[in-house]
Amino acid sequence: MRSFQGRDILGLADMERSEIERVLDVSELLAPIARDRRRSDLLADKILVSAFYQPSTRTRLAHETAMVRLGGGVVGFADPKMTRAGDFYEESLKDTVRMLEHYGDVIVMRHPDEGAPAEAARWASVPVINAGDGWGEHPTQVLTDLYTIRRELGHLDGLTVLAVGDWRMRTMHSLSYALTRYDAEIVYVCPDGEEPRTELLDDVRRRGLRIRRAAGVADAIELADVVYMEPVIQADYAKSREERHGGLPETPAPYRVSADVLAAGKPGAIVLHSLPRMDELSPDVDDTRHARYWEEAANGVIVRMALLALVLGAME
Ligand code: CP
């Protein structure tokens, strides 16, 4: 297994199974710090720079909370309009990163352009963590999801994941690549126009993933150990931000999950959603035994603690 120290976390396509398992194991070791609402001094001399060129609630705050829980400091921006990249100068990513690398020891970046964190990593002497790049990847979210599945179901092999929603979405890409490392099947459900890229399907199938399409949730719910959801009605992730103007269409019935829909599935199936949700996930699921998205959001702090400790060399 390669060392994590000094490493960029840009995607899951090149993360080996043993490396994924190491992140999950270190997460389990550090979890009591977050669950007991404590602070440690593991990263007391380190500073995290958050560089968020797109809105975020969970990913930014979970990384920042993780750093604070481990005793480190946090600087950064949550809106590029408050930086020189987002005003008259339109300062380039390269020039910006050449500053940021001296302001902290790790850079966590969200950006509307696919590949922007990878470009930043070319210019940064400190590790860069991809916090979501356009329609590209969202590796820290999916590591959080794997941690949640392993914790809730006890294993990652032998599972059928029903992945519902916009398959252009970065989480779907990272999930597919991660599950190529396990004995797992993905059954995906999405409307026309939101299908996975052909290159993605070809690549993950070549890597051994069983993946096929179903017409609607009702056609595959009885197979699912995990129902993995993203909105169908959502923002364009290639835009820096997108405000809502006027009413929105409703999510069509085949792509919606409710307590009634889950009643036709396995009793032990769990529902994950990286959030925010729209109308694809009914609030009545919150009160069922299937809901795990609040645990998933809480686990986001724990897994980011592990990633920070690993890339900054505090854990091997
Ligand atoms: N899960 C997730 O990426 O949420 P945010 O957009 O709020 O960070």
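Ligands are counted one by one from 1 in listed order, and the atoms in each one are counted from 1 as well. No experiment lies behind these values; they were computed from the predicted model shown. Index from 1, following the sequence.
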Q.
Under the side-chain hydrogen bond (donor to acceptor under 3.5 Å, both in side chains) test against T171, which residue among H138, E137, E230, Q141 passes?
A. E230
Q) Among all residues two or more places apart in sequence or in another chain, which pass the salt bridge (charged side-chain N to carboxylate O under 4.0 Å, His left out) test with E185? A) R212
Q.
Running the 4.5 Å side-chain criterion over Ile, Leu, Val, Met, Phe, Trp and Tyr, what cluster does M82 land in, apart from itself?
A. none
Q. Knowing that exactly one of R60, H63, R110, E64 qualifies, which makes a side-chain hydrogen bond (donor to acceptor under 3.5 Å, both in side chains) with S50?
A. E64
Q. Can you pull the residues with any heavy atom under 4.0 Å from ligand 1?
A. S56, T57, R58, T59, R110, H138, Q141, S274, L275
Q: Please confirm whether R170 makes a cation-pi placement over W135, using NZ or CZ under 6.0 Å from the six-membered ring centre and within 45° of the ring normal.
A: no
Q: Please list all pairs passing the ring pair (Phe, Tyr, Trp, His ring centres under 6.0 Å) test where one or both residues lie in residues 80-119, with sequence neighbours left out.
A: Y53-H111
